[in-house]
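Chain identifiers are assigned alphabetically (A, B, ...) following the order of the sequence lines, protein sequences preceding nucleic acid strands; residue numbering begins at 1 within each chain. Side chains are part of it too, since the values below use all heavy atoms of this structure and drop only hydrogens, waters and symmetry mates.
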There are 2 protein chains.
Amino acid sequence: MNDRSSVLLVADTGRGNEAAILNAALAAFGAQGFNGASMRDVAKRAGTSLSNLYNYFPSKSHLLAEVLRHANTELEARVRRAVADAGDDATSRMREAVRAYVGFVVDQQLAMLVSTAEVRYLQGEDRARLVADRDRTQAIFGAIVEQGVAHGEFRTPHAADAARAILSMVNAVATWYRPDGRLSRGQLAEQHARYALALLEAPLPHV
Amino acid sequence: MNDRSSVLLVADTGRGNEAAILNAALAAFGAQGFNGASMRDVAKRAGTSLSNLYNYFPSKSHLLAEVLRHANTELEARVRRAVADAGDDATSRMREAVRAYVGFVVDQQLAMLVSTAEVRYLQGEDRARLVADRDRTQAIFGAIVEQGVAHGEFRTPHAADAARAILSMVNAVATWYRPDGRLSRGQLAEQHARYALALLEAPLPHV
DNA sequence: AACATGCAAGAACGTTCGTTCGTGCCGCCG
DNA sequence: CGGCGGCACGAACGAACGTTCTTGCATGTT
């Protein structure tokens, strides 16, 4: 058994019902959107009272920010680990980075959906911090592209936007993936790794 | 002059303030999201009264549906026209389809953002009709991929999901494109056409 | 002249929203 | 033992929401 899709985004935080509230908020925002879900919905899903939410988070916005922070942190850690464990050439590193990213999208599909769709409802430093998180993860891919182009592994003439194109593609997996679909988690990851390397115009074996 | 980006999505419909209301709704939903924008916001942007909106549309949902219908119709028409005017080979057809699609994303950036982000707040037949619109446009790309694979132009081993990957990539352009950015409208379109053909593992000239 | 129709506006209704307040319980530290 | 901070709850507040109601004014048709 390795049913990663049923793992909650936030494990126990050592603070009463905090983890339950965060996971409930993720579910509520994912199902109805940030503005469509109410704090009463979140409380109901978490099995606690409306007013108790404010013992943990000062506002609805901060609650969303905290959910997204957990998602971004875990995503970045997974990608960074995968790249560190990969070989030294850009092709291997890109393949492992994409595989890890797609793996996270599959494991935490709802978190990825909320992360991309609801960030816009945050403002000020909460927003800035999350955008910085996202940019840091994107920069990992950007660096691999640069390395591959410098070493001649990637022959795309449009290196500057390639990382963004690849990440757009894998982010969108969250919008259509279904656990009972045609492809397994691993196949999906491997397939998107090939899409990415092909987009970069890296040499690939054809059958 | 060819400033396509300032063209309103909906031209005069021959029914009083209908076009103004639709364009105002697009602006409001784009800026605040469907649930974040109020009918009062829409009325203010359209320069009319709150209650008058209901002389044109029976509900907020129907208003959103009508906005999205205009966007989808125009997008599909542009892509279909581009493919019809292209050569017979899959490579030319895919290039022109992507160029037309990216062109629309640039020209009607807000409409594309709202179209992908807010469709989820519709239900019933409004939702079904818009999903069918989107699927029809996606099917154009799917057919080109099939043709290219059948004729040996595209050598990707993962043809079934390639169209979706390409469309994810070009849809995301709406999330980051800025008119004063590094690339012109035409360069952006051409670049993404190459990304698409590379992803499909079509033969490409390397410098 | 009488009437229907389409478009416009202001006021109001009932509901839901995010947030606050007051209170109480429980475990820990002095 | 006493106090204090963390966690829990129900009730309430003021604001904002989508929608409806009523009225009024044009225009074009009978």
Side-chain angles (χ1 to χ4, degrees), chain A residues 10-68 114 118-127, chain B residues 10-68 114 118-127:
Chain A
V10 183
D12 192 23
T13 62
R15 226 200 121 194
N17 263 334
E18 191 176 46
I21 292 173
L22 287 166
N23 287 312
L26 172 61
F29 296 155
Q32 324 234 57
F34 177 68
N35 280 313
S38 69
M39 291 295 268
R40 285 164 179 84
D41 292 333
V42 175
K44 201 160 293 178
R45 284 180 191 266
T48 184
S49 69
L50 168 62
S51 51
N52 195 30
L53 301 182
Y54 290 87
N55 286 323
Y56 292 89
F57 305 97
S59 75
K60 193 185 182 187
S61 294
H62 283 82
L63 176 53
L64 172 62
E66 209 57 30
V67 171
L68 299 191
V114 173
E118 318 291 347
V119 129
R120 63 195 286 243
Y121 298 112
L122 294 178
Q123 297 172 351
E125 51 181 304
D126 277 335
R127 161 93 158 258
Chain B
V10 184
D12 192 22
T13 63
R15 229 201 117 193
N17 264 331
E18 191 176 46
I21 293 173
L22 287 166
N23 288 311
L26 172 61
F29 295 156
Q32 325 234 57
F34 177 67
N35 280 313
S38 69
M39 290 296 267
R40 287 164 178 84
D41 292 333
V42 175
K44 201 160 293 181
R45 284 181 192 267
T48 183
S49 70
L50 168 62
S51 53
N52 195 30
L53 301 181
Y54 291 87
N55 285 323
Y56 292 89
F57 305 97
S59 74
K60 193 186 180 186
S61 293
H62 283 82
L63 177 51
L64 173 62
E66 209 56 32
V67 170
L68 299 191
V114 173
E118 318 293 347
V119 121
R120 64 197 286 249
Y121 298 111
L122 294 177
Q123 296 172 351
E125 52 181 306
D126 277 336
R127 163 95 156 255

- Using only heavy-atom distances, decide whether a donor-acceptor pair under 3.5 angstrom links the side-chain of Asn52(B) to the base of dA9(C). no
- Message: Any N or O donor-acceptor pair under 3.5 Å from the base of dG6(C) to the side chain of Arg15(B)?
- Response: no
Rounded interatomic separation in angstrom, taking [atom1] from [X] and [atom2] from [N]:
X: Tyr56(B); N: dT20(D); atom1: OH; atom2: P; value: 18 Å
X: Tyr54(A); N: dG6(D); atom1: OH; atom2: C1'; value: 19 Å
X: Glu18(A); N: dC7(D); atom1: CD; atom2: P; value: 8 Å

- Do Arg120(B) and Phe34(B) come within less than 4.5 Å of each other through their side chains, counting heavy atoms only? no
- Message: Do Leu68(B) and Asp126(B) have side chains that approach each other closer than 4.5 Å (heavy atoms only, starting at C-beta)?
- Response: no
- Query: Among the nucleotides dT19(C), dA8(C), dA11(D), which one has an atom lying closest to any side-chain atom of Asn17(B)?
  - Reply: dA8(C)
- Task: Check the pair Arg127(A), Tyr121(A) against side chain to side chain contact (heavy atoms under 4.5 Å, CB included), reporting the backbone distance first and the verdict last.
- Result: CA-CA 8 Å; Arg127(A) 161 93 158 258; Tyr121(A) 298 112; over 6 Å; no
- Query: Contact class for Ser49(A) vs. all strands (heavy atom < 4.0 Å): base, sugar-phosphate, or nothing?
  - Reply: base
- Message: Taking any heavy-atom pair under 4.0 Å as a contact, classify Ala43(B): base, sugar-phosphate, or nothing.
- Response: nothing
- Message: Using heavy-atom distances to pick each residue's nearest nucleotide on DNA chain C, tell me which of Asn35(A) and Gly14(B) is more 5'.
- Response: Gly14(B)
- Query: Hey, does the side chain of Asn23(B) reach the backbone of Val10(B) with a donor-acceptor pair shorter than 3.5 angstrom?
  - Reply: yes
